[in-house]
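Beneath this line is the structure, given in structure tokens, with notes to follow.
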Amino acid sequence: MKVKSKNFNIKQIADSGQCFRMKQIEENKFGLVAYGRYLELIQVDDETVELSCDEVEFQQIWENYFDLTYYYGAIVADLVTGEDSFLKEAAEYGKGIRILRQEPFEMLISFIISQNKNIPSIKQCITRICETYGETKHYGEGSQIEYHTFPTPEKLAAAEKEELRALKLGYRDEYIIRASQAVQSGSINLPELMLCSHEEAVSALKNIHGIGDKVANCISLYGLHHIEAFPIDVWIKKVLSEIYQNSFSVDRYQGYAGIVQQYMFYYKRYLDGAR
DNA sequence: ACCCAGGCCTGGA
DNA sequence: TCCAGGCATGGG
């Protein structure tokens, strides 16, 4: 089925650093694993995306996953008509980005892995984790496409440190096991953190060994959908110092700073030629 | 050989 | 409270 929106660009979302499980299959065609399912997406034109699912599955899963009931056009319009020239360009450049509603546990682990790594390396680590501990499923006519779901907390909580080391996770092995055990035991309750405030969520997340301010903010934004979160990584630091001389006011964008942060991140990486 | 990547932890000023 | 160094790993 097809979705029409001026603010829905698959390539931009895949390259925005929030999702590590979208894989480009062809020009304008991507494959994605989430919520135990596989989905293919085709960017038909600037305003049209075709999804390989029926209406029912769309309404049950993907409409929510891509946050399609939220109108990003209003925020883009506000920024491109505003007086901040950097954000004006950034919003125009990344106007097809949306903040996905990904699975909280997957985001918890993914952003623990993300520390001190570049995006291609993060993707490789997560792929290996899914292949090793996830469920193997099949998709399509003749089920010729094999895919791997993200593992459950129970699976990762029971993993051995040496096993994870073999997946090239480095010193993060113990962080991952302990965080998974915290979820499994209920000492951290992700659905609950989704209902409480962003600040409460961040402070709870930071109690987990290996989660500091930046990673906690990423989990809050991408895993719990607290869109007021404003994660500051090396790229955002560069923006804040180089563009704003460290005088950027997040408060100006209260309530949706996370979306502004995404435009900044995506545009700055483009400007600096990151890959 | 060095430096960096969607950083965090520990120990010492 | 702030800072330096260490930490696994891969890529430029």
Side-chain angles (χ1 to χ4, degrees), chain A residues 12-22 90 93-94 97-100 102-104 106-129 131-132 156 159-182 188 198 201-244 246 248 250 257-275:
Chain A
Q12 290 186 0
I13 291 170
D15 206 23
S16 67
Q18 60 173 309
C19 174
F20 306 109
R21 304 216 64 202
M22 284 181 73
Y93 182 70
I97 298 174
R98 315 180 70 83
I99 307 293
L100 304 181
Q102 302 183 77
E103 293 170 89
E106 179 172 339
M107 293 297 96
L108 174 73
I109 301 301
S110 296
F111 279 98
I112 287 176
I113 293 170
S114 78
Q115 62 186 80
N116 222 32
K117 274 187 171 298
N118 56 36
I119 291 174
S121 171
I122 298 165
K123 288 180 176 169
Q124 286 178 28
C125 285
I126 293 172
T127 298
R128 284 193 285 264
I129 284 188
E131 286 171 355
T132 308
L156 284 182
E160 297 290 336
K161 234 164 80 167
E162 292 71 26
E163 295 171 16
L164 288 176
R165 254 323 146 90
L167 303 184
K168 307 296 183 185
L169 295 164
Y171 60 88
R172 304 161 190 80
D173 51 5
E174 194 167 2
Y175 297 164
I176 292 167
I177 293 171
R178 288 170 67 174
S180 301
Q181 288 170 344
I188 185 142
H198 160 64
V202 163
S203 87
L205 288 166
K206 284 168 77 171
N207 287 329
I208 297 176
H209 196 64
I211 297 185
D213 202 55
K214 189 272 172 182
V215 167
N217 270 273
C218 281
I219 297 167
S220 184
L221 177 56
Y222 305 122
L224 308 174
H225 208 78
H226 291 308
I227 59 171
E228 61 269 45
F230 192 83
I232 299 175
D233 74 321
V234 291
W235 294 97
I236 297 298
K237 267 180 199 153
K238 278 190 222 174
V239 171
L240 298 184
S241 65
E242 292 173 20
I243 313 289
Y244 295 97
N246 293 319
F248 181 77
V250 184
I259 298 174
V260 173
Q261 184 269 2
Q262 269 288 263
Y263 297 143
M264 281 182 167
F265 177 82
Y266 183 70
Y267 187 50
K268 179 59 173 167
R269 281 168 54 85
Y270 158 71
L271 291 178
D272 288 8
R275 47 176 31 272

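In what follows, chains carry the letters A, B, and so on, assigned in the order in which the sequence lines appear, proteins first and then strands, with residues in each chain numbered from 1. Just so you know, these numbers come straight off a predicted model, no measurement behind them.
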If you look at every strand shown and take non-hydrogen atoms under 4.0 Å, does A:Ser16 touch a base, only sugar-phosphate, or nothing? base
Round to the nearest Å and state the distance from A:Trp235 atom CH2 to B:dA5 atom P. 6 Å
Steps toward side-chain contact (heavy atoms from CB on, under 4.5 Å) verdict (A:Arg21, A:Glu106): CA-CA 10 Å; A:Arg21 304 216 64 202; A:Glu106 179 172 339; 3.1 Å; yes
With both distances under 3.5 angstrom, what nucleotide forms a Watson-Crick or G-U wobble pair with B:dC9? C:dG5
Under a 3.5 Å distance rule, please check whether A:Gln12 uses its side chain to pair with a backbone N or O of A:Tyr93 as donor and acceptor. yes
Quick check: on DNA chain C, is the nucleotide nearest A:Asn116 upstream (toward 5') of the one nearest A:Gln124, or the reverse? Name the residue that is more 5'. A:Asn116
Nearest-angstrom distance from the residue atom NZ of A:Lys123 to P of B:dA5: 17 Å
Taking for each residue the nucleotide of DNA chain B with the nearest heavy atom, is it A:Ile208 or A:Lys238 whose nucleotide lies nearer the 5' end? A:Lys238
If I pick the P atom on B:dC8 and the same atom on C:dG11, what distance separates them, to the nearest angstrom? 23 Å
Could you give the CZ-to-P distance, from A:Arg269 to B:dA5, as a whole number of Å? 10 Å
Look at all strands and tell whether A:Gln262 reaches a base, only sugar-phosphate, or nothing, counting heavy atoms closer than 4.0 Å. base
What is the nucleic acid contact for A:Lys214, judged by heavy atoms within less than 4.0 Å: base, sugar-phosphate only, or nothing? base
B:dC9 versus C:dG10 - spacing of their C1' atoms, nearest Å: 22 Å
Using a heavy-atom cut-off of 4.0 Å across all strands, would you classify A:Phe265 as base, sugar-phosphate, or nothing? base
Enter the distance from A:Ile188:CD1 to A:Leu205:CG here, rounded to the nearest 0.5 Å. 4.5 Å
Counting only heavy atoms from other residues, nucleotides and ligands, does the tally under 6.0 Å from OH of A:Tyr244 exceed 12? yes
Round to the nearest Å and state the distance from A:Lys117 atom NZ to B:dG7 atom C1'. 12 Å
For A:Phe20, which contact category applies under a 4.0 Å heavy-atom criterion: base, sugar-phosphate, or nothing? nothing
Could you tell me whether A:Asp173 contacts a base, only the sugar-phosphate backbone, or nothing, with contacts defined as non-hydrogen atoms closer than 4.0 Å? nothing
Parallel, tilted or perpendicular: ring planes of A:Tyr222 versus A:Phe111, cut at 30 and 60 degrees: parallel
When rounded to whole Å, the CG to P distance for the pair A:Asp233 and B:dC4 reads 15 Å
Can you check the A:Asn118 CG to B:dC3 P distance for me, whole Å? 18 Å
With distance as the sole test, does A:Gln115 use its side chain to make a donor-acceptor pair with the main-chain N or O of A:Val215 at under 3.5 Å? no
Between atom CD in A:Gln115 and atom P in B:dC9, what is the gap in whole Å? 8 Å
Side-chain donor/acceptor of A:Gln102 to backbone N/O of A:Gln18, under 3.5 Å: yes
Using a heavy-atom cut-off of 4.0 Å across all strands, would you classify A:Arg172 as base, sugar-phosphate, or nothing? base
OH of A:Tyr175 versus P of B:dG7: gap in Å, rounded? 13 Å
Expressed in whole Å, how much space separates the P atoms belonging to B:dA5 and C:dC2? 23 Å
5'-most to 3'-most nt of DNA chain C touching chain A (<4.0 Å, heavy-atom partner on protein side) reads C:dC7 to C:dG10
Could you tell me whether A:Ile211 contacts a base, only the sugar-phosphate backbone, or nothing, with contacts defined as non-hydrogen atoms closer than 4.0 Å? sugar-phosphate
Locate the shortest heavy-atom distance separating A:Ile236 from A:Pro231; write the atom from each residue and the value. CG1-O, 3.7 Å
Which part of the nucleic acid does A:Gly17 contact within heavy-atom distance under 4.0 Å: base, sugar-phosphate only, or nothing? base
Using atom types as modelled and distance alone, determine if a side-chain donor or acceptor of A:Arg128 lies under 3.5 Å from a backbone N or O of A:Leu167. yes
So A:Ser121, base contact, sugar-phosphate only, or nothing? Heavy-atom distance under 4.0 Å. nothing
Across all strands, who's sitting opposite B:dC4 as a Watson-Crick or G-U wobble pair, both distances under 3.5 Å? C:dG10
